[in-house]
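One structure below.
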Number of protein chains: 2
Amino acid sequence: MNVLIVEDDALHRSYLGDAVRAALPECNAVMETDNGRLGEIQARSLQAEFVVMDLQMSERNGIEAARTIWRERPDTKILFWSNYSDEAYVRGVSRIVPEGATYGYVLKSASDERLRLALRSVFLESQCVIDREVRGIQQKGLSSGHGLTDAEYEILLDVALGLTDKAIANRKKLSLRTVQNRLQHLYEKLGVHQDGGDVDSRFNLRARAVAVALLRRVLNASAVERAERDLQDELSWCPGKGR
Amino acid sequence: MNVLIVEDDALHRSYLGDAVRAALPECNAVMETDNGRLGEIQARSLQAEFVVMDLQMSERNGIEAARTIWRERPDTKILFWSNYSDEAYVRGVSRIVPEGATYGYVLKSASDERLRLALRSVFLESQCVIDREVRGIQQKGLSSGHGLTDAEYEILLDVALGLTDKAIANRKKLSLRTVQNRLQHLYEKLGVHQDGGDVDSRFNLRARAVAVALLRRVLNASAVERAERDLQDELSWCPGKGR
DNA sequence: GCATGATTTGCGGGTTCCCGCAGGACGTGA
DNA sequence: TCACGTCCTGCGGGAACCCGCAAATCATGC
């Protein structure tokens with residue numbers, strides 16, 4: 001049984017190594033890697049079946065790494081171990097887990113015991129273990145609260161990338177008005193108004209929406225990075241679009 | 001000699017505690033705190049003269065904490081210990097150090113020995129110690145490269161907050177055209193064009209500028225948070241503005 | 001089948017944005 | 001003093017954005 005650890009912080013990495021060895025005495029090898037790109041390569045060459053991964057890494061973040069790992073081997077069991085439960089991360093993870101895959105999401109603030117249990121449940125019992133706090137965020141997205149629907153989240157990403165309404169319409173194969181419609185819903189959900197009955201303190205809704213999404217952690221830099229990469233890919237695939 | 005440690009990650013905090021005790025055997029007390037707000041309070045009540053602080057903390061980040069600490073006691077010696085050298089952080093720190101204050105900026109990736117030296121230099125010798133990589137970022141801002149001037153950075157923040165041109169003009173006491181002028185410079189510096197010679201892939205410059213600033217780490221969520229707080233303060237000070 | 005609600009699309013218009021052109025204010029150096 | 005560069009400001013116009021009104025489509029459930 002091989003376990004691959006992908007974590008770019010040295011202290012956390014060694015702590016995690018100890019935790020894995022302690023929780024799973026039956027495992028005979030623990031590999032450690034310090035960034036997402038190496039993680040993908042190692043997972044491929046080791047045929048790793050078990051992975052513990054940080055989400056926020058500089059070189060290539062955990063979500064992207066997990067996506068390619070799962071693409072090549074959908075039965076890989078991955079335990080995400082992250083500092084934050086930003087909606088952007090939670091949503092990013094949910095978006096990429098393959099049908100029927102088993103995974104876990106544990107916060108770094110969890111106790112040693114919780115981490116131990118999660119490791120055993122996910123790797124040995126094939127049980128999904130989602131931190132209660134993370135679970136809360138997931139639910140909020142589904143329920144009717146101020147959670148965004150998928151359509152709204154998608155358009156939020158496009159706006160955050162700086163695309164025009166028309167560009168979004170082309171990309172998503174929608175009419176211009178539909179895009180603007182969704183934008184209106186988005187503004188409403190985020191509680192963004194022009195606001196200035198008076199002279200000052202007026203907002204540009206599209207920019208303001210990105211700002212409050214950022215402040216509320218619905219969006220974060222790494223989500224924007226992923227979206228940007230997707231956009232660039234898309235542009236290079238279809239000729240005649242990239243300028 | 002009292003040293004106050006402000007760091008929200010438990011592993012890092014204990015590592016830092018050990019490092020401080022090892023580097024400064026002459027110090028007789030080390031206090032540890034796990035978030036920025038508590039850090040401010042402790043610093044005040046302990047009359048702390050020496051502080052080691054993380055920048056990225058959830059409750060209240062290091063820059064804000066340092067700002068209030070320095071405001072009350074400008075001769076406090078602060079060593080920042082951070083994961084990243086994002087331009088946003090570097091600029092944020094430079095912006096708040098009082099005249100003649102001594103401080104340091106060390107990356108978490110630095111060796112034990114570098115940390116030890118920095119602790120001794122800053123606290124005992126009153127020498128500023130700035131990590132070479134961080135130094136590079138600082139320079140880039142000043143030299144003519146694609147670094148932004150202060151005026152451009154300011155307007156970038158305002159745009160990122162979602163203000164309209166007119167609102168920015170009021171806020172900064174400038175004419176509308178001047179604001180738009182600075183925006184043009186900003187777009188140029190960031191290399192943002194309308195870009196779409198063809199049908200698709202057109203950009204909304206103001207939103208795109210925020211996106212690339214985010215991707216290039218010129219901006220980050222915590223910088224936006226600080227700006228937002230300033231904005232809210234300003235609105236509540238001057239009546240008749242906040243709606 | 002039919003009512004209800006959510007989505008999509010078109011049209012029209014008021015507002016804001018983006019920017020070229022051009023004139024004025026300020027500082028620096030020859 | 002004059003020339004030059006940089007910054008601020010006004011004007012005007014084309015494009016993009018924001019949105020109310022309204023019709024058409026689709027899904028769901030009674």
Side-chain angles (χ1 to χ4, degrees), chain A residues 142-156 158-213, chain B residues 142-144 147-156 158-213:
Chain A
L142 300 178
S143 75
S144 56
H146 56 61
L148 305 184
T149 62
D150 281 353
E152 285 151 3
Y153 187 70
E154 294 271 324
I155 210 170
L156 172 60
D158 286 339
V159 168
L161 286 178
L163 295 172
T164 58
D165 294 0
K166 207 191 296 182
I168 299 175
N170 285 14
R171 202 154 121 80
K172 293 281 167 57
K173 307 291 179 221
L174 293 172
S175 88
L176 187 62
R177 189 61 179 90
T178 301
V179 170
Q180 297 180 328
N181 234 330
R182 291 189 176 177
L183 277 172
Q184 271 184 267
H185 291 314
L186 180 67
Y187 300 149
E188 205 168 334
K189 283 272 184 73
L190 291 177
V192 176
H193 319 291
Q194 302 265 39
D195 210 303
D198 280 346
V199 199
D200 199 351
S201 90
R202 264 211 162 62
F203 287 124
N204 172 326
L205 296 186
R206 102 185 346 235
R208 184 61 180 169
V210 175
V212 320
Chain B
L142 299 178
S143 75
S144 56
L148 305 184
T149 63
D150 280 354
E152 285 151 2
Y153 186 71
E154 294 271 324
I155 209 168
L156 172 60
D158 285 338
V159 169
L161 285 179
L163 296 172
T164 58
D165 293 0
K166 207 191 295 182
I168 300 175
N170 285 14
R171 202 156 122 80
K172 293 281 165 55
K173 307 289 179 222
L174 294 172
S175 87
L176 187 63
R177 189 61 180 91
T178 300
V179 171
Q180 297 178 329
N181 234 330
R182 291 190 174 177
L183 277 173
Q184 271 184 267
H185 291 315
L186 179 67
Y187 299 150
E188 206 169 334
K189 282 273 184 74
L190 291 176
V192 175
H193 318 292
Q194 302 265 39
D195 209 304
D198 278 346
V199 198
D200 199 352
S201 89
R202 264 210 161 64
F203 287 125
N204 172 325
L205 296 186
R206 97 182 354 231
R208 183 62 181 168
V210 175
V212 321

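In what follows, every heavy atom counts, from backbone to side chain, and hydrogens, waters and symmetry copies are set aside. Just so it is clear, the structure is predicted and the values come from calculations on it, not from any experiment.
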Distance in Å, B/L161 CG paired with A/F203 CZ, rounded so as to fall on 0.5 Å steps:
7.5 Å
Let me confirm one number: the CG-CD distance from B/L174 to B/Q180, rounded to the nearest 0.5 Å.
12.0 Å
Quick one: bend of the helix from C/dG1-D/dC30 to C/dA30-D/dT1 from 5 pairs per end, to 10°?
30°
To the nearest 0.5 angstrom, please state how far the NE2 atom of B/H193 sits from the OH atom of B/Y187.
13.5 Å
Just to confirm, is there a sub-4.0 Å distance from OP1 or OP2 of C/dT7 to any side-chain nitrogen or oxygen of A/T178?
no
Check the distance between C/dC21's P and B/N181's CG and give it to me in whole angstrom.
14 Å
How many Å lie between NE2 on B/H185 and P on C/dG20, as a whole number?
11 Å
Rounded distance in Å - CZ (B/F203) to C1' (C/dC18)
16 Å
Could you grab the distance from atom CD1 of B/I168 to atom CD of B/E154, nearest 0.5 Å is fine?
11.0 Å
Say you draw a straight line from CG of B/N170 to CG of B/D165; how long is it, rounded to the nearest 0.5 Å?
11.0 Å
Could you state the atom-to-atom distance from CD of B/E152 to P of D/dT6 in whole Å?
13 Å
Atom CD of B/E188 and atom C1' of C/dG20 are separated, to the nearest Å, by 14 Å
Closest non-hydrogen contact found for A/V210 with A/A160 is CG2-CA, 3.8 Å
Rounded distance (Å) that lies between atom P of D/dA16 and atom CZ of B/R208
17 Å
Quick check: does any side chain N or O of B/R202 sit under 3.5 Å from a backbone N or O of A/L163, one acting as donor and the other as acceptor?
no
Is any side-chain nitrogen or oxygen of B/S175 closer than 4.0 Å to OP1 or OP2 of D/dG10?
yes
Taken to the nearest whole Å, CG/A/N170 to C1'/D/dA16 is 14 Å
If you compare all heavy atoms of A/V179 against all heavy atoms of A/I155, which two are closest, and at what distance to 0.1 Å?
O-CD1, 3.4 Å
Which value, rounded to the nearest 0.5 Å, describes the distance between A/T149 atom OG1 and A/H185 atom NE2?
8.5 Å
Distance check: side-chain N/O of A/R182 vs OP1/OP2 of C/dT8, anything under 4.0 Å?
yes
Expressed as a whole number of angstroms, how long is the span from A/K172:NZ to C/dT8:P?
12 Å
Between the protein and nucleotides 17-20 of chain D, list the N/O to N/O atom pairs that are separated by less than 3.5 angstrom.
unit_1 : atom_1 : unit_2 : atom_2 : d
D/dC17 : OP1    : A/D165 : N      : 3.1
D/dC17 : OP2    : A/D165 : N      : 3.2
D/dC18 : OP1    : A/Y187 : OH     : 3.4
D/dC18 : OP1    : A/R206 : N      : 3.2
D/dC18 : OP2    : A/Y187 : OH     : 3.1
D/dC19 : N4     : A/Q180 : OE1    : 3.1
D/dG20 : N7     : A/R177 : NH2    : 3.2
D/dG20 : O6     : A/R177 : NE     : 2.7
D/dG20 : O6     : A/R177 : NH2    : 2.7

